[in-house]
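Heads up, the thing below is written out as structure tokens.
Chain A is the first sequence line, chain B the second, and so forth, proteins listed ahead of strands; every chain is numbered from 1.
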2 protein chains.
Amino acid sequence: MPARTPLDANAILAATEEILRRHGPDKATVVDVARALGVSHAAVYKHFPSKQALREAVTRRWLDRNRDALAVIAADSAVPPVQRLRTWLHAVLAGKQAKIREDPELFAAYGILAAAHSSVATDHVADLLGQLTAIIADGAADGSLRTDDAEATARVVFNATAKFNHLAHAAEWQNPGIGAELDEVYSLLLEGLHAPTSP
Amino acid sequence: MPARTPLDANAILAATEEILRRHGPDKATVVDVARALGVSHAAVYKHFPSKQALREAVTRRWLDRNRDALAVIAADSAVPPVQRLRTWLHAVLAGKQAKIREDPELFAAYGILAAAHSSVATDHVADLLGQLTAIIADGAADGSLRTDDAEATARVVFNATAKFNHLAHAAEWQNPGIGAELDEVYSLLLEGLHAPTSP
DNA sequence: CAAGTTACAAGTTTTGACATCTGTTACCAA
DNA sequence: TTGGTAACAGATGTCAAAACTTGTAACTTG
């Protein structure tokens, strides 16, 4: 009995996301996904070589949605780079906070998947670093930011704000003061600690 | 049959550490600790009110050893505050890296314990922040560091170096470039990103 | 009475038989 | 050939019974 509706990769990903939301990452099975789609689980294996590949694909889709939302901020040349940097750093944090609030189960699921399949996570970090590099290069171009190497500086800024962008700190993002802490780090990064040599 | 050697809290803590090293945090039982000491498990309960209290005590001892080593660096007034800050930040990282290298099992065990009994962890963070505040206050006093509020600035520096001090990032500390990354963050914190207003 | 013991209730973990899941293969239909 | 099925072996997960762990209490000894 062939399928009524043609099964495509996107439908599988959407169903997987729904199963993940309902069952959590540990209890979500390929059989569950297939049942939700009204097919046998072997049909899913025609589109994805393994359960791991399916999970990676679904994680990548989720991270890419986030990346695209951030890209809009990073590329908004109407906003001065210094302010855009601040907005972008806050948006990275706020986007993840929103995911936690909206759907903690799904967020936890993605957290586990992202940690397990590291190429997905490292690719995402590379995407974000690209956006950050663009903002910093814009600042260097208009003279508002000081840097020798926008890419290297982007890495440093990303490392210095790890508490506000790395999934390992998700528990601390519930704290109401977290946004203010990010602002403080942002300010110190901009201005520096060193006393002026000629006051 | 009373004990030959008098059982004291310190002996229990040392035995617990050994059991933790051998069995890991999930499988280490109070009975194991008592057996290693040649007593019944009820004897251990004469010294510690609960298993949780025993675990906290052993974790606290471990963290305090670290704290004391760092305190020597933080209080070394022979070293200029700016340099002392750099040395201290590296020492926080290096101390934990050394623990991982020496005894990964025990480190993982302590990581789990510290995460579970959060008052132990928050107390330790408060200790470290106290040391960092002292360094920054010294810098403010001799004019080498710029700050309105040494305690607030210490918090910001600690947050900005979370990748190099927070246990959640332990896996990344294996990376050989991690020390260089810390140096880059340290440099950016000192100097700032902003272009000088009057060049 | 200080420092330990044995004995035990309540809760938690291990065990081992059973069920489910993953991934593959051989097959079917448009 | 593309898109599906059914049946299967081996790995993994589940569940109830048995074993162990925690924490307490009543007891023993110098």
Euclidean distance, atom [atom1] of residue [X] to atom [atom2] of [N] [Å, nearest integer]:
X       : N      : atom1 : atom2 : result
A/Asp8  : D/dG3  : CG    : P     : 10 Å
B/Ile12 : C/dA3  : CD1   : C1'   : 11 Å
A/His47 : C/dT24 : NE2   : C1'   : 17 Å

Please identify each residue that fulfils side-chain hydrogen bond (donor to acceptor under 3.5 Å, both in side chains) with A/Asp123, with sequence neighbours left out.
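side-chain hydrogen bond (donor to acceptor under 3.5 Å, both in side chains) list for A/Asp123, sorted by chain: A/Arg60.
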List every contact pair, protein side and nucleotides 20-23 of chain C side both N or O, where the distance is under 3.5 Å.
{"from": "C/dT22", "atom 1": "OP1", "to": "A/Val30", "atom 2": "N", "distance (Å)": "3.3"}
{"from": "C/dT22", "atom 1": "OP1", "to": "A/Lys51", "atom 2": "NZ", "distance (Å)": "2.8"}
{"from": "C/dT22", "atom 1": "OP2", "to": "A/Val30", "atom 2": "N", "distance (Å)": "2.9"}
{"from": "C/dT22", "atom 1": "OP2", "to": "A/Val31", "atom 2": "N", "distance (Å)": "3.4"}
{"from": "C/dG23", "atom 1": "OP2", "to": "A/Tyr45", "atom 2": "OH", "distance (Å)": "2.8"}
{"from": "C/dG23", "atom 1": "OP2", "to": "A/Lys51", "atom 2": "N", "distance (Å)": "2.7"}
{"from": "C/dG23", "atom 1": "N7", "to": "A/His41", "atom 2": "NE2", "distance (Å)": "3.1"}
{"from": "C/dG23", "atom 1": "O6", "to": "A/His41", "atom 2": "NE2", "distance (Å)": "2.9"}

(Q) So, using salt bridge (Lys or Arg N to Asp or Glu O under 4.0 Å) as the criterion, who are the partners of A/Asp183 when residues are at least two apart? (A)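 Checked A/Asp183 against salt bridge (Lys or Arg N to Asp or Glu O under 4.0 Å); matches are A/Arg86.
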| request: Quick one: which residue pairs count as a salt bridge (charged side-chain N to carboxylate O under 4.0 Å, His left out) with a foot in residues 33-58 of chain B, not counting sequence neighbours? | output: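 As it turns out, the salt bridge (charged side-chain N to carboxylate O under 4.0 Å, His left out) pairs with a partner in residues 33-58 of chain B, which skip direct neighbours, are B/Asp32-B/Arg35.
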Check your understanding: So which pairs with a foot in residues 161-170 of chain B pass salt bridge (charged side-chain N to carboxylate O under 4.0 Å, His left out), sequence neighbours left out?
Key ->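 Every salt bridge (charged side-chain N to carboxylate O under 4.0 Å, His left out) pair that includes a residue of residues 161-170 of chain B, provided the two are not neighbours, is B/Lys163-B/Glu172, B/Lys163-B/Glu181.
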For nucleotides 9-19 of chain C, list the nitrogen or oxygen atoms of the protein found under 3.5 Å from its nitrogen or oxygen atoms, one pair per line.
none

*asked:* Suppose we screen for side chain to side chain contact (heavy atoms under 4.5 Å, CB included). Which residues come up paired with A/Arg65, at least two apart in sequence or across chains?
replied: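 A/Arg65 satisfies side chain to side chain contact (heavy atoms under 4.5 Å, CB included) with A/Glu17, A/Arg61, A/Trp62 once adjacent residues are dropped.
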**Prompt:** In terms of ring plane angle, is the pair B/Trp88 and B/Phe158 parallel, tilted or perpendicular, where the classes change at 30° and 60°?
**Reply:**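 Correct class here is tilted.
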Do any side-chain nitrogens or oxygens of B/Ser40 fall under 4.0 Å of OP1 or OP2 in C/dG4?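 Answer no for this pair, as no side-chain N or O of B/Ser40 is under 4.0 Å from OP1 or OP2.
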Worksheet entry | Heavy-atom donor-acceptor pair, A/Lys46 side-chain to D/dG3 base, under 3.5 Å |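 Side chain to base: no pair present.
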Tell me which donor-acceptor pairs under 3.5 Å the side chains of residues 91-103 of chain A have, and how far apart each pair is, sequence neighbours excluded?
{"from": "A/Lys96", "atom 1": "NZ", "to": "A/Asn165", "atom 2": "O", "distance (Å)": "2.6"}
{"from": "A/Gln97", "atom 1": "NE2", "to": "A/Trp173", "atom 2": "O", "distance (Å)": "2.9"}
{"from": "A/Asp103", "atom 1": "OD2", "to": "A/Arg21", "atom 2": "NE", "distance (Å)": "2.4"}

Sequence neighbours excluded and cut-off under 3.5 Å, please list the side-chain donor-acceptor pairs for residues 134-142 of chain B, or say none.
{"from": "B/Asp138", "atom 1": "OD2", "to": "B/Arg84", "atom 2": "NH1", "distance (Å)": "2.8"}
{"from": "B/Asp138", "atom 1": "OD2", "to": "B/Arg84", "atom 2": "NH2", "distance (Å)": "3.4"}
{"from": "B/Asp142", "atom 1": "OD1", "to": "B/Ser144", "atom 2": "N", "distance (Å)": "2.9"}
{"from": "B/Asp142", "atom 1": "OD1", "to": "B/Ser144", "atom 2": "OG", "distance (Å)": "2.7"}

